[in-house]
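The next block holds one structure in the form of structure tokens; read it before the comments.
Starting from 1, each residue takes its place in the sequence as its number. All ligand and atom numbering here is 1-based and tracks the order in the structure.
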Amino acid sequence: MKFDENIRNYIYGEMEPPISGEYIDNYNPATGEVYSKIPDSDDRDVLRAVKGAERAFPAWSNCGVKKRFRILTRIADIIEQNLESFAKAETTDSGKPIALSRSIDIPRAHSNLRFFATAILHFASESHYMEREAINYTLRRPIGTVGCISPWNLPLYLFTWKIAPALASGNCVVAKPSEITPMTAYLLSRACKEAGLPAGVLNVVHGYGHKAGQAIVEHPSVKAISFTGGTETGRKIAEIAAPKFKKLSLELGGKNPNIIFADCDFEKMMTTTIRSSFSNQGQICLSGSRIFIEKHLYTVFRDEFVKRVKNLTVGNPFSDKTDLGAVVSSAHQSKVLNAIDLAREEGGQILCGGNAVKVPKCEKGYFIQPTVIEGLDAHCRTNQTEIFGPVVTLIPFETEEEVLAYANSTEYGLSATIWTQNISRAQRVADKLDAGIVWINTWLTRDLRTPFGGMKNSGTGREGGWEALRFFTEPKNVCIHF
Ligand code: NAD
């Protein structure tokens with residue numbers, strides 16, 4: 001599959017230019033160069049996509065789960081067979097190391113499709129028996145046309161995480177990937193054509209969030225919105241969708257605590273903490289950006305952690321030796337560097353990193369050194385605001401109560417990690433954390449059947465497993481009197 005070409009929308013089975021005829025520059029973050037063009041779509045393209053979805057809905061929603069299973073599995077197969085092209089496209093578009101695209105992003109995308117293709121074969125609804133009087137059974141039918149909007153950090157991974165359950169449960173979809181990383185969603189639309197997905201079942205409209213994205217949210221025929229992205233964008237989407245009584249699933253930002261007790265398995269904790277801090281340049285909603293260390297381990301932890309972080313290689317994302325590639329855009333690089341400046345102003349000491357990096361042959365790319373900061377209060381702006389880059393802070397603590405208060409002090413509640421060999425303490429702390437996902441002695445171990453999502457300003461609703469299939473279906477209770 002070729003990926004270095006201009007992107008087109010995928011509407012009612014056809015690859016189409018935007019009605020405006022306007023395009024957005026698509027940058028390669030490792031070189032700072034424009035390498036393709038993205039449709040600058042608007043409400044007219046969205047209207048065509050919604051009409052296409054509405055035409056396709058009666059047949060798709062009634063074709064039977066076996067047919068949907070077969071087609072979604074075929075799409076998964078095509079992605080898997082073209083893993084290298086998809087991985088190259090993902091790395092070129094996002095700046096992430098190619099090893100990550102090959103081993104995580106693209107495999108997870110075809111797993112998402114296979115997972116929900118098979119899940120729908122097993123999906124069942126409930127019945128409620130009223131003794132000798134009546135029986136209720138619950139029908140679960142697809143909603144109709146639904147909107148799926150995804151961010152740039154895990155492009156195809158999160159795009160498929162939404163559209164797979166939506167399609168498997170019989171909906172037709174109008175989807176928009178991030179305008180910053182649209183290439184693999186475009187390749188996916190070509191894979192859908194090749195797999196024989198009927199026209200209009202999936203429509204991919206590219207463009208800016210405030211234009212194409214907002215038009216999807218505003219359209220009265222789009223009955224549900226599944227969104228992953230920033231908390232402020234989620235708030236805006238909720239403001240538009242709530243008065244129209246649309247079903248909403250919002251997966252938003254995080255500022256996740258990584259809590260390290262002195263009795264942890266030190267080596268396992270250390271190697272995992274390097275990953276949870278800097279994988280994907282720290283641009284993972286689940287990254288553990290606030291590291292809390294029990295006081296009598298603090299110095300030992302800090303010295304070893306900083307030593308290992310200094311050994312990480314920031315480099316060309318296509319090199320196998322690279323640990324951290326480029327951050328996703330020039331604007332994002334400035335945002336992260338400004339956050340590091342704020343940490344300095346707030347009195348933080350930069351133990352390593354703190355600056356942009358010039359990478360040979362990628363001099364115009366957007367690279368940042370992995371950065372470790374200490375000496376900041378848990379309540380300062382640096383420790384309360386999502387940075388979403390290769391930046392972590394270290395904070396010592398003495399008691400469980402103290403660390404729980406720190407961990408729960410932000411507006412977010414997405415994920416948390418606990419490191420201890422004490423099983424009672426691990427469960428006590430897990431129980432009291434304000435987080436939708438808690439990992440004990442691990443990070444990012446994912447079972448696709450589990451509920452995925454955040455508390456507080458990290459979102460509403462849950463994705464994954466039955467939760468996603470329930471979100472994308474409308475329950476109807478039928479009561480039969482004896
Ligand atoms: P973003 O909110 O800027 O954009 C996300 C998507 O929304 C993009 O496709 C964008 O074009 C679109 N959009 C923007 N404005 C819109 C509007 N008014 N109406 C409709 N759509 C609109 O987020 P981002 O910068 O792409 O991603 C980073 C954020 O995503 C971080 O905050 C991160 O924590 C969060 N995130 C959360 C999860 C999770 O599962 N909770 C996963 C990944 C990323």
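- Comparing Ser150, Ala185, Cys148, Pro182 against atom 8 (C) of ligand 1, the shortest heavy-atom distance belongs to Ser150.
- At a 4.0 Å cut-off, not a single heavy atom of Gly459 sits close enough to ligand 1 to count as contact.
- In terms of N/O distances under 3.5 Å, ligand 1 is approached by Glu179.
- Interface atoms of ligand 1 facing Trp152, defined by a heavy-atom separation under 4.0 Å, are 24 (P), 25 (O), 26 (O), 27 (O).
- Defined by atom type and a distance below 3.5 Å, a donor-acceptor pair is missing between the side-chain atoms of Asn153 and Gln283.
- Remark: distances from the non-hydrogen atoms of Ser178 to ligand 1 include one below 4.0 Å.
- Taking any N or O of Thr228, backbone or side chain, none lies under 3.5 Å from an N or O belonging to ligand 1.
- In summary, Asp25 and Lys37 engage in a salt bridge, as defined by a charged side-chain N under 4.0 Å from a carboxylate O.
- In terms of heavy-atom proximity, Leu324 sits nearest to Pro370 at CD2-CB, 4.1 Å.
- With Gly147, Gly230, Ala241, Cys285 as candidates, the residue nearest to atom 36 (N) of ligand 1 on a non-hydrogen basis is Cys285.
- Contact annotation for Ile180 and ligand 1: no heavy atom of the residue comes within less than 4.0 Å of the ligand.
- Shortest contact from atom 18 (N) of ligand 1 to any protein heavy atom: Gln214 OE1, 3.0 Å.
- In this structure, a donor-acceptor pair under 3.5 Å is present between the side chains of Thr393 and Asn383.
- Within the 4.0 Å heavy-atom cutoff, Pro177 counts among the residues contacting ligand 1.
- At a distance under 4.0 Å, no protein heavy atom can be found next to atom 4 (O) of ligand 1.
- Evaluated by nearest non-hydrogen atom to atom 21 (N) of ligand 1, the leading choice among Gly209, Gly253, Gly229 is Gly209.
- Across the listed options Thr231, Thr233, Val328, Thr233 owns the non-hydrogen atom lying nearest to atom 15 (N) of ligand 1.
- Salt bridge annotation for Asp45-Arg48: absent, with no cationic side-chain nitrogen under 4.0 angstrom from a carboxylate oxygen.
- A salt bridge does not link Glu474 to Lys223: none of the charged side-chain nitrogens sits closer than 4.0 Å to a carboxylate oxygen.
- By heavy-atom distance, the residue among Glu463, Lys255, Glu386 lying nearest atom 34 (O) of ligand 1 is Glu386.
- With 3.5 Å as the limit, one finds a donor-acceptor pair spanning the side chains of Lys162 and Ser226.
- Contacts between Leu414 and ligand 1, counted as non-hydrogen atom pairs separated by less than 4.0 Å, involve the side chain only.
- Relative orientation of the Trp443 and Trp439 rings is perpendicular, given thresholds of 30° and 60° on the angle between their planes.
- Atom CG of Asp93 sits about 6.5 Å away from atom CD1 of Ile7, to the nearest 0.5 Å.
- For atom 28 (C) of ligand 1, the choice among Phe388, Tyr208, Trp161 with the nearest heavy atom turns out to be Phe388.
- Proximity annotation for atom 20 (C) of ligand 1: of Gly213, Ser287, Ala175, Gly213 comes nearest, heavy atoms only.
- Counting heavy-atom neighbours within 6.0 Å of Lys236 NZ, excluding the residue itself, gives a total of 12 or less.
- For atom 37 (C) of ligand 1, the nearest non-hydrogen atom of the protein is Leu252 O, 3.1 Å.
- Heavy-atom contacts of Lys236 reach the following atoms of ligand 1: 18 (N) (cutoff under 4.0 Å).
- Residue Phe452 approaches ligand 1 through these ligand atoms, each under 4.0 Å from one of its heavy atoms: 40 (O).
- Applying the 4.0 Å criterion to heavy atoms of Leu158 picks out, from ligand 1, the atoms 42 (C), 43 (C).
- Using a 4.0 Å cut-off between charged side-chain N and carboxylate O, Glu232 and Arg235 make a salt bridge.
- Close approach of ligand 1 to Asn153 (heavy-atom distance below 4.0 Å) involves ligand atoms 43 (C), 44 (C).
- Asp42 and Ser20 form no side-chain donor-acceptor contact under 3.5 Å, judged by distance and modelled atom types alone.
- To the nearest 0.5 angstrom, Asp434 atom CG is 10.0 Å from Ser458 atom OG.
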